[in-house]
Amino acid sequence: FGIWDLPNLWLNIFYTEEEARATIPALFANYNAFLDLGLGHMGFYGYPKGVFDSPFFSTPDVDDDELIFLLTLGKVQLPGLDGPGMIQDNRDVWDAAPNATVYPTNIVKDWGPTDWQKHFGNKWSDFVGAKDDFDPEGQFA
């Protein structure tokens, strides 16, 4: 039995500096590290946007020399903790940040096409075109 045998309900979300300042303090006003993260971890990192140069690695729309901020909520659902509530919390964090993007592997309640469109922003039509070109049979979700 180890930590990777438990549900890992992570959220990795990228913010502009302005949105991080406006959103994150309220997010943590009533946060309980054990109940909200389980045996997980939390991190907050600043990066120059320009270090992310893959065409479809989506980050907030700022200049390449500006900082963007990654908030990592590495949640691990221990027995007895509210897994559905942790997943709903991820949804609430995502919905509270209209200009944010996410690392593509997260657990967010009811994630769907509208969320992908928000995530990719002005790259959405290019992403759909690339998906049609490279995955014409829809094998990769």
Side-chain angles (χ1 to χ4, degrees), residues 1-79 81-141:
F1 177 75
I3 194 170
W4 293 111
D5 294 319
L6 298 169
N8 283 253
L9 311 174
W10 289 34
L11 178 66
N12 293 284
I13 185 167
F14 289 95
Y15 293 94
T16 64
E17 180 177 0
E18 179 180 339
E19 196 160 51
R21 288 180 185 273
T23 306
I24 292 175
L27 171 67
F28 292 114
N30 297 310
Y31 219 74
N32 178 308
F34 177 73
L35 294 178
D36 295 325
L37 293 174
L39 193 59
H41 67 283
M42 181 185 318
F44 187 67
Y45 315 93
Y47 300 97
K49 179 186 170 154
V51 303
F52 300 102
D53 61 358
S54 296
F56 295 119
F57 190 93
S58 192
T59 56
D61 191 19
V62 297
D63 293 334
D64 281 353
D65 61 344
E66 288 186 59
L67 290 178
I68 56 173
F69 295 88
L70 171 62
L71 173 66
T72 297
L73 300 174
K75 301 174 181 184
V76 177
Q77 182 191 348
L78 294 171
L81 292 183
D82 179 15
M86 293 170 129
I87 296 170
Q88 180 62 52
D89 179 55
N90 288 353
R91 164 56 67 184
D92 295 344
V93 171
W94 170 245
D95 287 345
N99 300 307
T101 63
V102 293
Y103 189 82
T105 55
N106 293 286
I107 304 294
V108 177
K109 183 176 176 61
D110 298 326
W111 185 270
T114 307
D115 297 298
W116 282 119
Q117 290 173 5
K118 173 186 167 184
H119 168 75
F120 283 109
N122 61 7
K123 296 179 187 176
W124 175 246
S125 60
D126 292 338
F127 177 77
V128 170
K131 180 146 177 23
D132 289 343
D133 290 344
F134 296 104
D135 185 25
E137 299 190 24
Q139 295 181 16
F140 300 105

K.L.:
Taking atom CD as the centre, does E18 end up with more than 12 heavy-atom neighbours from other residues, nucleotides or ligands that are less than 6.0 angstrom away?
P.N.:
no

K.L.:
Quick check: closest heavy atoms across P25 and A20, and the distance to 0.1 Å?
P.N.:
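Nearest pair, atom of P25 first, then A20: CD-O, 3.6 Å.
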
K.L.:
Can you tell me how far the CD1 atom of I24 sits from the CZ atom of F69, to the nearest 0.5 Å?
P.N.:
8.5 Å

K.L.:
Using side-chain heavy atoms (C-beta onward) and a distance below 4.5 Å, is P48 in contact with L67?
P.N.:
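With C-beta onward as the side chain, the pair touches.
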
K.L.:
Does the side chain of W10 come within less than 4.5 Å of T105's, by heavy atoms?
P.N.:
no

K.L.:
Is any side-chain heavy atom of Y45 closer than 4.5 Å to one of T72?
P.N.:
yes

K.L.:
Please state whether the rings of W116 and H119 are parallel, tilted or perpendicular, taking 30° and 60° as the class boundaries.
P.N.:
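Rings of W116 and H119: perpendicular, over 60°.
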
K.L.:
Under 3.5 Å, side chain of D135 to main-chain N/O of D133, donor-acceptor pair present?
P.N.:
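No, because the side chain of D135 does not come within donor-acceptor range (under 3.5 Å) of the backbone of D133.
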
K.L.:
Should we count NZ of K123 as having more than 12 external heavy atoms under 6.0 Å?
P.N.:
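More than 12 heavy atoms, drawn from other residues, nucleotides or ligands, come within 6.0 Å of this atom.
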
K.L.:
Does T101 use its side chain to pair, donor to acceptor, with the backbone of S58 at less than 3.5 Å?
P.N.:
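Indeed, once roles are kept as given, a pair shorter than 3.5 Å links the two residues.
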
K.L.:
Say you draw a straight line from OG1 of T16 to CG of N99; how long is it, rounded to the nearest 0.5 Å?
P.N.:
6.0 Å

K.L.:
Do F57 and F14 have ring centres separated by under 6.0 Å?
P.N.:
yes

K.L.:
To the nearest 0.5 Å, what is the distance between CH2 on W94 and NZ on K118?
P.N.:
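That separation rounds to 4.0 Å.
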
K.L.:
Heavy-atom distance under 4.5 Å between the side chains of I13 and V93, does that happen here?
P.N.:
yes

K.L.:
Calculate, to the nearest 0.5 Å, the distance between atoms CG and CG belonging to N90 and D92 respectively.
P.N.:
9.0 Å

K.L.:
Considering all heavy atoms of both residues, which atom of L6 and which atom of P79 are nearest to each other, and what is their separation?
P.N.:
CD2-CD, 4.2 Å

K.L.:
Quick one: pull up CG in L11 and CG in L71 and give me the separation to the nearest 0.5 Å.
P.N.:
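Result: 7.0 Å between the selected atoms.
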
K.L.:
Does D95 have any salt bridge (Lys or Arg N to Asp or Glu O under 4.0 Å) partners at least two apart in sequence or in another chain, and if so, which?
P.N.:
R91

K.L.:
Could you tell me how the ring of F28 sits relative to the ring of Y31: parallel (under 30°), tilted (30 to 60°) or perpendicular (over 60°)?
P.N.:
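Judged by the thresholds at 30° and 60°, the geometry between F28 and Y31 is perpendicular.
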
K.L.:
Could you check whether any side-chain heavy atom of L70 comes within less than 4.5 Å of a side-chain heavy atom of Y103, counting everything from C-beta outward?
P.N.:
no

K.L.:
Determine whether K109 and Q88 make a side-chain contact, defined as any pair of heavy atoms from C-beta on separated by less than 4.5 Å.
P.N.:
yes

K.L.:
Any idea which heavy atoms bring K49 and D61 closest together, and the distance?
P.N.:
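Looks like NZ-CA, 3.9 Å.
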
K.L.:
What distance do E19 atom CD and I68 atom CD1 have between them, rounded to the nearest 0.5 Å?
P.N.:
12.0 Å

K.L.:
In this structure, are over 12 heavy atoms from other groups packed under 6.0 Å from N32 atom CG?
P.N.:
yes

K.L.:
Of all the heavy-atom pairs spanning M86 and V76, show the shortest one and how long it is.
P.N.:
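That closest heavy-atom pairing would be CE-O, 4.0 Å.
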
K.L.:
My understanding is that only one of L9, D82, I107 makes a side-chain contact (heavy atoms from CB on, under 4.5 Å) with Q77; could you say which?
P.N.:
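Exactly one pass, corresponding to L9.
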
K.L.:
Does a side-chain heavy-atom distance below 4.5 Å link D89 with K75?
P.N.:
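SC-SC contact between D89 and K75 confirmed.
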
